[in-house]
Novice: 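After the structure tokens below, expect a handful of questions from me.
Chain identifiers are assigned alphabetically (A, B, ...) following the order of the sequence lines, protein sequences preceding nucleic acid strands; residue numbering begins at 1 within each chain. Computed from a prediction, not measured in an experiment: that's the story for all the values here.
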Amino acid sequence: EILQQIVGIAEQSLDEAQAKKHALNCHRMKPALFSVLCEIKEKTGLSVRSSQEEEPVDPQLMRLDNMLLAEGVAGPEKGGGLVAAAAAAAASGGVSPDSSIEHSDYRHKLAQIRQIYHAELEKYEQACNEFTTHVMNLLREQSRTRPVAPREIERMVGIIHRKFSSIQMQLKQSTCEAVMILRSRFLDARRKRRNFSKQATELLNEYFYSHLSNPYPSEEAKEQLAKQGGITVCQVSNWFGNKRIRYKKNIGKFQEEANIYTVKTAMSVTHGTQSEPPVTAPWMGTCTSSLSPPWVRLLSLPAPPQVESLRHSMSQGPYGEGLASGQLYSPRDVRVSPCPSTPQLL
DNA sequence: AGATATGATTTTGT
DNA sequence: ACAAAATCATATCT
């Protein structure tokens with residue numbers, strides 16, 4: 001009969017139920033029922049298994065945490081953010097002087113993400129605590145009418161925490177995604193490409209066309225070009241890589257440019273209007289473009305000595321017309337600065 | 001607006 | 001490991 005009443009409680013109004021509960025607690029048979037329940041429980045031995053006490057420490061969660069920390073989202077307050085932004089700036093390799101404005105924008109957006117993240121985290125924390133205390137109260141209350149071991153309460157709390165931490169993980173995940181998107185938007189160097197200064201381009205072109213037979217500047221030459229042009233050594237390398245491939249792909253297109261820059265170095269001699277034939281050198285390999293027809297290759301004999309530019313080449317170092325002679329490169333195994341790239345965080 | 005130029009990154013080949 | 005080649009993504013021109 002009493003059991004029937006207990007089951008019935010669920011269908012009644014709160015006040016009614018409360019009253020009934022009180023009545024039950026005071027019922028003279030209650031202690032007997034309680035001890036019976038204890039006995040049953042003891043017999044069935046449905047006690048908590050002590051398994052899965054140690055958490056496996058999800059590696060995915062660790063990665064997310066690490067990233068959030070590294071990006072300054074999860075770390076200490078304002079300082080962390082600044083440090084992260086500075087680190088990101090350094091990592092992106094931008095020695096560009098105009099980057100501060102973009103970065104302030106980036107930092108602002110990051111701070112927003114950070115704020116939302118922390119607000120949500122706190123909300124979850126609070127909800128978790130609330131829920132936990134609620135459940136604990138409930139269990140404590142119930143322990144008056146049925147046997148509840150402290151272990152069981154602990155276990156419930158553990159379950160609740162696990163549940164909430166999985167929700168937290170979702171939050172972390174989406175925060176990480178947001179940060180990644182932000183990064184790619186603002187810090188991917190390709191997205192804010194700036195053309196080099198006129199002066200730098202001129203410098204590079206001058207070197208390229210005056211070393212057309214072997215346009216592979218040494219490390220030292222690159223350093224000098226970089227310094228003079230106000231760009232990095234890596235950018236110089238990129239430029240030459242691009243230039244070589246694009247030049248040989250379409251020599252015709254570059255003839256005008258070639259004339260400009262070779263004339264520049266050969267000003268002293270003639271102002272002859274007849275343009276020189278395109279230089280084809282061994283470094284261009286057998287690749288001929290659609291616009292520089294096959295016969296160009298037939299004309300490509302050993303690098304024709306460019307008398308005018310020879311002087312210039314010589315003054316620049318042993319890289320100009322040195323193809324035939326042995327000294328192509330000076331020994332340089334010292335890697336100065338690796339090309340910076342955006343770190344792959346995920 | 002679309003075509004071309006250009007700096008940077010990724011893939012490929014040796 | 002290095003350079004060529006391909007590709008990406010933005011800048012600049014028309």
Novice: Using whole Å, what does the distance between atom C1' of nucleotide C:dC8 and atom CD1 of A:Ile245 come to?
Specialist: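 Rounded to the whole Å, the gap is 16 Å.
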Novice: Is any side-chain N or O of A:Asn242 closer than 4.0 Å to OP1 or OP2 of B:dG7?
Specialist: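 It does not, given that no N or O in the side chain of A:Asn242 lies less than 4.0 Å from OP1 or OP2 of B:dG7.
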Novice: Using whole Å, report how far CH2 of A:Trp283 lies from C1' of C:dC2.
Specialist: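 After rounding, the gap between these two atoms is 16 Å.
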Novice: Between the protein and nucleotides 2-6 of chain B, are there any N/O to N/O pairs under 3.5 Å, and if so, what are the atom names and distances?
Specialist:
from: B:dT6; atom 1: O2; to: A:Arg193; atom 2: NE; distance (Å): 2.9
from: B:dT6; atom 1: O2; to: A:Arg193; atom 2: NH1; distance (Å): 3.4
from: B:dT6; atom 1: O2; to: A:Arg193; atom 2: NH2; distance (Å): 3.1

Novice: Starting from C1' on C:dC2, measure out to CG on A:Asn238 and report it in whole angstrom.
Specialist: 13 Å
Novice: Closer than 3.5 angstrom, by distance alone: can the side chain of A:Lys41 be matched with the main-chain N or O of A:Arg146 as a donor-acceptor pair?
Specialist: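 No; judged by distance alone, with no hydrogens or angles, the pair does not exist.
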Novice: Under the rule for side-chain contact (heavy atoms from CB on, under 4.5 Å), what residues qualify as partners of A:Ile116, not counting sequence neighbours?
Specialist: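 Partners of A:Ile116 under the side-chain contact (heavy atoms from CB on, under 4.5 Å) test: A:Glu120.
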Novice: If only side-chain N and O atoms count, and only distance matters, is there a donor-acceptor pair under 3.5 Å linking A:Arg244 with A:Asn242?
Specialist: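 The criterion, which ignores hydrogens and geometry beyond distance, is not satisfied for A:Arg244 and A:Asn242.
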Novice: Provide, to the nearest angstrom, the distance between the CD atom belonging to A:Glu219 and the P atom belonging to C:dA1.
Specialist: 15 Å
Novice: Atom NZ of A:Lys198 to atom P of C:dA11: distance rounded to whole Å?
Specialist: 18 Å
Novice: Could you give the CG-to-P distance, from A:Leu204 to B:dA8, as a whole number of Å?
Specialist: 11 Å
Novice: Would you kindly give the CG-to-P distance between A:Leu225 and B:dG7, to the nearest whole Å?
Specialist: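 Between P of B:dG7 and CG of A:Leu225: 14 Å.
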Novice: How many Å lie between NZ on A:Lys249 and P on C:dA3, as a whole number?
Specialist: 19 Å
Novice: Taking the six-membered ring for Trp, is the centroid-to-centroid distance between A:Tyr207 and A:Phe240 below 6.0 Å?
Specialist: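 Distance test on ring centres: under 6.0 Å, yes.
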Novice: Who pairs with A:Asn25 by side-chain hydrogen bond (donor to acceptor under 3.5 Å, both in side chains), at least two apart in sequence or on another chain?
Specialist: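 Counting only residues at least two positions away or on another chain, A:Asn25 forms no side-chain hydrogen bond (donor to acceptor under 3.5 Å, both in side chains).
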Novice: How are the rings of A:Phe208 and A:Trp283 set to each other: parallel, tilted or perpendicular (split at 30° and 60°)?
Specialist: perpendicular
